[in-house]
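Keep in mind that what you see is a predicted model, and the values were worked out from it rather than measured. Order of appearance sets the numbers: ligands from 1, and atoms from 1 within every ligand.
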Amino acid sequence: MDCLFCKIINKEIPADIIYEDDQVIAFNDINPQAPTHALIIPRKHIATLNDISSEDAALVGHMVKTASTIAEQMGFDQDGYRTVFNCNEHGGQTVYHIHLHLLAGKPMGWPPYQETLKKPLDQ
Ligand code: 5GP
Ligand code: ZN
């Protein structure tokens, strides 16, 4: 399958992996939008949030739990952080293997659509 993130899972493409277990891996984003910007992905290929089945609920829950575990391990759990799933074109999805963005290290603005129109997410 010609999927960038499956290739990272299979170690065909290098990535700066910060966490992995039997269900998920997490690695630093190649184009960080915050001082910490990691992506948490399932080992199972699922193209978009629309393709999640009820059997995937525990897996997606584990992705979210992994975000909070990494936050605690990296020491920004109390300052705070943002998690984001982008879905399809309007969501800004560019890689079609679901991934949870984990952004941290500075305060981030809200709502995100203003950020997109006026300035990058990290300003
Ligand atoms: P999306 O826009 O689909 O929500 O997020 C895809 C993310 O993957 C982007 O933040 C992008 O910078 C990141 N990305 C794309 N290609 C690579 C890559 O080859 N390696 C890593 N580590 N991140 C990538
Ligand atoms: Zn994939």
Side-chain angles (χ1 to χ4, degrees):
M1 186 186 299
D2 192 25
C3 169
L4 176 66
F5 287 173
C6 282
K7 287 177 180 165
I8 287 177
I9 291 163
N10 294 327
K11 308 278 163 73
E12 293 166 32
I13 290 177
D16 185 11
I17 294 171
I18 61 170
Y19 175 88
E20 61 183 319
D21 64 26
D22 59 331
Q23 295 179 78
V24 302
I25 75 167
F27 50 92
N28 289 321
D29 196 291
I30 205 167
N31 183 25
Q33 301 300 312
T36 295
H37 184 176
L39 303 171
I40 299 156
I41 70 174
R43 291 188 184 277
K44 177 181 178 182
H45 178 88
I46 302 170
T48 79
L49 284 198
N50 296 335
D51 301 303
I52 292 170
S53 68
S54 50
E55 296 113 63
D56 298 322
L59 175 60
V60 176
H62 182 61
M63 292 171 68
V64 176
K65 178 60 186 153
T66 298
S68 65
T69 299
I70 292 170
E72 187 177 7
Q73 287 177 351
M74 293 184 73
F76 53 75
D77 54 323
Q78 296 306 311
D79 282 344
Y81 52 94
R82 180 165 296 168
T83 54
V84 180
F85 278 109
N86 294 326
C87 182
N88 280 342
E89 185 183 353
H90 284 192
Q93 185 172 7
T94 59
V95 179
Y96 282 79
H97 178 132
I98 60 166
H99 45 281
L100 182 59
H101 293 261
L102 172 61
L103 299 134
K106 65 191 300 184
M108 279 166 271
W110 190 264
Y113 64 85
Q114 285 189 341
E115 302 275 331
T116 303
L117 289 172
K118 293 177 183 168
K119 58 189 180 180
L121 192 62
D122 64 340
Q123 288 181 13

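Using a 4.5 Å heavy-atom cutoff, the side chains of Asp2 and Lys7 are in contact. Between Tyr96 and Asp51 the shortest side-chain heavy-atom distance does not fall below 4.5 Å. In this structure, Leu39 and His101 have side chains that are in contact, with non-hydrogen atoms separated by less than 4.5 Å. Looking at heavy atoms from C-beta onward, Lys65 lies out of side-chain contact with Val24 at the 4.5 angstrom threshold.
The closest approach between a heavy atom of Phe85 and any atom of ligand 1 is not below 4.0 Å. Residue contact check for ligand 1: Ile13 places no non-hydrogen atom closer than 4.0 Å to it.
Atom ND1 is the N, O or S atom of His45 at the shortest distance from the Zn ion (ligand 2). Of all the N, O or S atoms in His97, the one closest to the Zn ion (ligand 2) is ND1.
Looking at Ile17, Ile30, Thr48, it is Ile30 that brings a heavy atom closest to atom 14 (N) of ligand 1. In this comparison of Leu100, Asn31, Asp29, the heavy atom closest to atom 11 (C) of ligand 1 sits on Asp29.
Ligand-side atoms of ligand 1 in range of Thr94: 1 (P), 2 (O), 3 (O), 5 (O), 6 (C), range being under 4.0 angstrom from any heavy atom. Of all atoms in ligand 1, numbered sequentially from 1 with element shown, those under 4.0 Å from a heavy atom of His99 are 1 (P), 3 (O), 4 (O), 5 (O), 6 (C). Taking every non-hydrogen atom of Phe5 and a distance limit under 4.0 Å, the qualifying atoms of ligand 1 come out as 8 (O). Atom numbering of ligand 1 starts at 1 in the shown order; those under 4.0 Å from a heavy atom of Leu39 are 7 (C), 8 (O), 13 (C). If you number the atoms of ligand 1 from 1 as listed, the ones under 4.0 Å from a heavy atom of Gln93 come out as 3 (O).
No donor-acceptor pair closer than 3.5 Å links the side chain of Gln23 to the backbone N or O of Asp21. With Asn88 contributing its side chain and His90 its backbone, the two residues share no donor-acceptor pair below 3.5 Å. The closest donor-acceptor contact from the side chain of Gln93 to the backbone of Ala47 lies under 3.5 Å.
Looking only at protein heavy atoms, the nearest one to atom 22 (N) of ligand 1 is Asn28 O, 2.9 Å. In this structure, the protein non-hydrogen atom closest to atom 15 (C) of ligand 1 is Leu4 CD2, 4.0 Å.
Ring orientation note: the planes of Phe5 and Phe27 are nearly perpendicular, at an angle over 60° on the 30°/60° scale.
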For this session: Applying side chain to side chain contact (heavy atoms under 4.5 Å, CB included), run through Arg43 and Glu20 and close with a yes or a no.
Result: CA-CA 10 Å; Arg43 291 188 184 277; Glu20 61 183 319; 3.0 Å; yes
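Separation of the His97 and His99 ring centroids does not fall under the 6.0 Å cut-off.
Some N or O of His101 is nearer than 3.5 Å to an N or O of ligand 1, by distance alone. For a threshold of 3.5 Å applied to N or O pairs, the pair formed by Gly92 and ligand 1 contains at least one separation below that value.
Around the Zn ion (ligand 2), the angle linking Cys3 (SG) with Cys6 (SG) is 120°, rounded to 10 degrees.
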